[in-house]
Amino acid sequence: MRGVSFFAVRELAYAQYWAYWAYCEQQWSVWRPASYPSFDEWRSAAENCPSEILDSSGLREERKALIKVAARAGKERLERAVDIYLELEAFAYWLRPMVDSHLLLSGPALEEFRQRCPAIEMCSGWNWDQVWARMRHSHFLEAEAGGWLDAVVYTAELHPRRTKVIDYWLLYTGLTIGPRAIRNCTLRSRTGAAKRRGYKPDGRDLENASSISG
């Protein structure tokens, strides 16, 4: 349960529900409504609450701003973008050992890169940060233009799936395998191994997990 709380209280949706709940508590303590809304009605109102409610809440300013940014995308579009981001970043970490080792992409790796990133012409002098920046830009032009990419990045960076991929790269790929193994390891084998690995948060932030406004 502590692991669930660790991720849940950092979700933008959770923060928005909390802000609306605090608003309702304050309003209903002054004036009790004749009838309370159903759960579906209350949730819909929370998901569409006006900026004034968020602004008056105890949420941190950066969290308020991200909730407003996410609203520009809409729930379904944001969820699709987050899925794409997670898949693209897993692919980027699969490429990273090759990029960091200054290996030219060839064979299956080059074919995979061209299929996923046809608009990018890989340069041999790029480091991984440059490669990842170009990959992200090429896939999220709409989010950048609409001003809601920050919400995609924030939501994706919270995801346990992302943590597994990065943990796997750090512990098994980025530090231990050589150039030949890098070339022979497929994207499917690496991401599959990452998903199979159990992940447990280190617990350093769990003590504050119940405080959404802290």
Side-chain angles (χ1 to χ4, degrees), residues 6-20 43-55 57 59-96 98-100 105 109-123 126-169 187-188 190-191 194-195 199 205 212-213:
F6 178 88
F7 291 105
V9 299
R10 289 161 175 77
E11 286 281 349
L12 295 178
Y14 185 104
Q16 190 165 357
Y17 293 145
W18 182 90
Y20 190 68
R43 182 172 60 182
S44 177
E47 291 174 349
N48 295 283
C49 68
S51 297
E52 290 78 8
I53 293 177
L54 293 174
D55 291 336
S57 72
L59 294 173
R60 296 193 300 270
E61 291 302 318
E62 60 269 23
R63 193 70 62 86
K64 296 176 187 178
L66 282 168
I67 293 172
K68 294 175 185 178
V69 165
R72 298 175 194 166
K75 183 178 179 181
E76 293 183 359
R77 188 162 58 163
L78 181 63
E79 289 176 351
R80 288 196 301 270
V82 169
D83 284 340
I84 293 171
Y85 189 100
L86 291 169
E87 178 68 19
L88 187 68
E89 191 172 37
F91 175 62
Y93 272 98
W94 176 68
L95 287 175
R96 184 163 187 172
M98 289 176 264
V99 176
D100 287 346
L105 296 186
L110 180 59
E111 181 179 351
E112 187 86 31
F113 182 82
R114 286 174 173 170
Q115 288 179 353
R116 291 173 180 265
C117 307
I120 302 174
E121 187 66 35
M122 178 77 81
C123 294
W126 286 354
N127 59 37
W128 184 81
D129 288 333
Q130 291 172 308
V131 173
W132 171 229
R134 284 163 174 77
M135 289 172 63
R136 195 171 76 170
H137 174 71
S138 70
H139 283 74
F140 292 98
L141 294 173
E142 180 186 10
E144 287 183 345
W148 47 274
L149 181 58
D150 284 350
V152 176
V153 175
Y154 175 86
T155 305
E157 288 183 347
L158 285 177
H159 204 288
R161 189 170 125 203
R162 178 182 186 268
T163 306
K164 287 184 177 182
V165 168
I166 295 176
D167 274 357
Y168 183 78
W169 174 78
L187 175 62
R188 180 174 296 179
R190 286 197 198 175
T191 53
K195 290 176 182 178
Y199 168 68
D205 294 328
I212 189 65
S213 60

Any donor-acceptor N/O pair, [X] side chain to [Y] backbone, under 3.5 Å:
{"X": "Arg77", "Y": "Arg72", "value": "yes"}
{"X": "Arg116", "Y": "Glu112", "value": "no"}
{"X": "Gln130", "Y": "Asn127", "value": "yes"}
{"X": "Glu144", "Y": "Leu149", "value": "no"}

Indicate the atoms forming the closest heavy-atom contact of [X] with [Y], along with that distance.
{"X": "Ser57", "Y": "Lys64", "answer": "O-NZ, 3.4 Å"}
{"X": "Cys117", "Y": "Met135", "answer": "SG-CG, 4.0 Å"}
{"X": "Leu59", "Y": "Ala15", "answer": "CD1-O, 3.7 Å"}
{"X": "Met98", "Y": "Ala109", "answer": "SD-CB, 3.8 Å"}
{"X": "Ala151", "Y": "Val69", "answer": "CB-CG1, 3.8 Å"}
{"X": "Arg63", "Y": "Leu12", "answer": "CD-CD2, 3.7 Å"}

Does a sphere of radius 6.0 Å around [atom1] in [X] hold more than 12 heavy atoms from other residues, nucleotides or ligands, not counting ones at 6.0 Å or beyond?
{"X": "Arg114", "atom1": "CZ", "answer": "no"}
{"X": "Glu121", "atom1": "CD", "answer": "no"}
{"X": "Glu76", "atom1": "CD", "answer": "no"}

For the residue pair Tyr93 and Trp128, is the inter-centroid distance of their aromatic rings smaller than 6.0 Å?
yes

Aromatic ring proximity, centroids under 6.0 angstrom, Phe91 and Trp169:
no

Quick one: [atom1] on [X] to [atom2] on [Y], what's the gap to the nearest 0.5 Å?
{"X": "Arg162", "Y": "Thr155", "atom1": "CZ", "atom2": "OG1", "result": "12.0 Å"}
{"X": "Arg96", "Y": "Asp129", "atom1": "CZ", "atom2": "CG", "result": "6.5 Å"}
{"X": "Gln16", "Y": "Glu47", "atom1": "CD", "atom2": "CD", "result": "7.0 Å"}

